[in-house]
Amino acid sequence: MFDKDRAVPNYGLALKMSVELLEDVGINSLPILVQAIISSISRTVQLTSYGEFSASTGLSHEEIADNFKSDDGVCVYKRDSEQYVIFYNEKKDDNRFRFTIAHELGHIYLEHHRIAGTDILTRSELTSAQYERFEKEANCFARNLLSPAPLAKTIKNFDETGLYTLGNFQDEFYIGYQASKFRLGFLEWDLNNCTDEMISFIGETFPEYKMYCINCNSEIIRGSKHCILCGENRRFLRSYKYNKLSYTDNHANNHSEKCLNCNNSLITDNASYCRICGYTLLNKCINPECSSINIPIAHYCNDCGSETIFKSKIEEIDNVKEEPTLYYKDGVEFDKQTFKVKICPRCHNEEFSEDAEHCRICSLYLFNNCEGYLDEDEWGNQALVEQHANPSNARFCETCGRITAFYKAGVLTDYQSYTIREELPF
């Protein structure tokens, strides 16, 4: 894998090793924290600043730089313990010494010390061809460690004018202007050396390049005109670095997975109201002129910026100890197709004829439909309509929020009484 006599830099190998290091260490966000990488490999690699080395040896920064023949940093291989020590000049700006550390890691992972048979990589210890090859390979490793090519490509693609690409590279990757220029200059070259597996890993590991709110740093849902957490209007930028919103596929469909009022978690797919307390499961905008329904975690409407119905409930929940999810188990078994109960919930009779609609013992209607509403046709005839079927423990209709037959008949208690009964120790 490592060719001692190779004269041409092996950029493909350098790129491969940088991606493998990201994968091994578990890095999945920007900027790449080189100190965190060093901490995870501390058994074999140690990090020491020129200042720390100065304190222990009495040498000045200038003397250290002169001895190491580098004002930025150097990596020393300790053969007896098979460990490496990266020395870096902490007086350089953060972006500079971050790149220096990444560069020296490149020398380590590409085994340049072993290939050259030396403890320290300086011009005097290497042939000019070796030195040039090692430096180019370490630079390739460093730029792809700190600014992976697939991520850089996405940034470049979103800057149609090309005016902001270098600045965006600096902001996203925490690299200097010169490193940003090299990142852009070698971008297509590095992408050509990326395998499909590398590109797939980077794409699946790091966040998407998304719009975020510059006021609260939260992710912006695609198509939103306002931030759903702070209400900010259109002051959005695009980045890999933002606070990712926590929501599921059901949330993306504007459907709450748990009632914010009674903590009921028995929610039928596409239900609009909680079957236990009747509270809405859809986070509607309170602005009467706006009909938008937002995902459950939204404090503000993504269309008009007004508060949502859930905002006060979310803040109330955030300010108290988390309450346990509740399962209301006072229903009886029922047919999932017809919703007809198999046991009378009032007298517990189990004997019904196939076509029975009422219990033969207590006369209870065997379907927990909601009460619907009285409609009148053009001839003045009245009839109850939209009596939706519901599970046997539903106090309220999941479709329209109206009261159900079993709750109206007193078969089911109100949810507060049920909760209290469940919490009693006897």
Side-chain angles (χ1 to χ4, degrees), residues 211-236 242-328 370 390 393-404 407 412-423:
M211 301 298 289
Y212 74 99
C213 173
I214 65 173
N215 182 55
C216 68
N217 204 49
S218 297
E219 169 190 356
I220 296 297
I221 298 174
R222 183 172 298 175
S224 294
K225 300 175 183 176
H226 294 261
C227 173
I228 65 169
L229 294 189
C230 73
E232 182 65 55
N233 179 21
R234 295 186 181 277
R235 296 178 64 202
F236 309 147
Y242 50 81
N243 296 326
K244 187 173 177 59
L245 295 177
S246 177
Y247 60 96
T248 64
D249 290 339
N250 279 342
H251 285 167
N253 293 327
N254 299 327
H255 182 274
S256 179
E257 294 184 318
K258 185 174 79 169
C259 176
L260 298 183
N261 187 55
C262 69
N263 291 320
N264 165 47
S265 65
L266 297 174
I267 307 293
T268 302
D269 291 343
N270 300 318
S272 298
Y273 296 88
C274 173
R275 70 171 76 169
I276 303 300
C277 71
Y279 190 72
T280 181
L281 299 175
L282 300 178
N283 194 15
K284 301 175 183 177
C285 173
I286 65 172
N287 181 357
E289 298 180 0
C290 179
S291 59
S292 295
I293 298 175
N294 300 270
I295 65 172
I297 63 173
H299 293 228
Y300 296 90
C301 176
N302 59 20
D303 279 332
C304 73
S306 300
E307 292 186 3
T308 62
I309 289 178
F310 284 3
K311 180 177 183 291
S312 59
K313 285 289 185 184
I314 295 171
E315 292 174 345
E316 180 181 324
I317 292 171
D318 289 342
N319 290 328
V320 298
K321 183 178 180 181
E322 183 177 356
E323 296 183 12
T325 299
L326 295 178
Y327 298 90
Y328 293 81
C370 70
N390 287 275
N393 70 338
R395 280 95 167 142
F396 297 89
C397 178
E398 290 188 314
T399 302
C400 67
R402 295 186 179 91
I403 194 171
T404 62
Y407 188 38
L412 297 170
T413 63
D414 60 80
Y415 78 92
Q416 294 96 332
S417 299
Y418 178 85
T419 303
I420 293 172
R421 187 171 74 249
E422 286 291 299
E423 291 177 350

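Residue Asn233 qualifies as enclosed at atom CG: its count of foreign heavy atoms under 6.0 Å is above 12.
Not a single side chain to side chain donor-acceptor pair (under 3.5 Å) links Ser312 to another residue, sequence neighbours left out. Under the side chain to side chain donor-acceptor pair (under 3.5 Å) criterion, Lys313 pairs with Asn261, not counting sequence neighbours. For Tyr242, there are no ring-ring contact (aromatic ring centres under 6.0 Å, His included) partners, not counting sequence neighbours. Listed by chain and residue number, Cys213, Cys230, Glu232 satisfy the side-chain contact (heavy atoms from CB on, under 4.5 Å) test with Asn215 (two or more places apart in sequence, or in another chain).
Panel note: side chain Asn390, backbone Glu398; a donor-acceptor pair is recorded below 3.5 Å. No donor-acceptor pair under 3.5 Å is formed between the side chain of His226 and the backbone N or O of Cys301. The backbone N or O of Cys259 sits nowhere less than 3.5 Å from a side-chain atom of Asn264 that would complete a donor-acceptor pair.
Each side chain to side chain donor-acceptor pair (under 3.5 Å) pair with one or both residues in residues 297-306, not counting sequence neighbours, appears once here: Ser292-Asp303. Within the structure, side chain to side chain donor-acceptor pair (under 3.5 Å) pairs that include any residue of residues 278-290 comprise Asn283-Thr308 (at least two apart or interchain).
Heavy atoms only, all atoms of each residue included: Ala298 and Asn294 are closest at CB-CB, 3.7 Å. When all heavy atoms of Cys216 and Leu229 are compared, the closest pair comes out as SG-CB, 4.4 Å.
Side-chain contact between Tyr407 and Phe396 is present, with heavy atoms from C-beta onward closer than 4.5 Å.
Side-chain atoms of Thr268 and Arg275 form a donor-acceptor pair, as typed in the model, at a separation below 3.5 Å.
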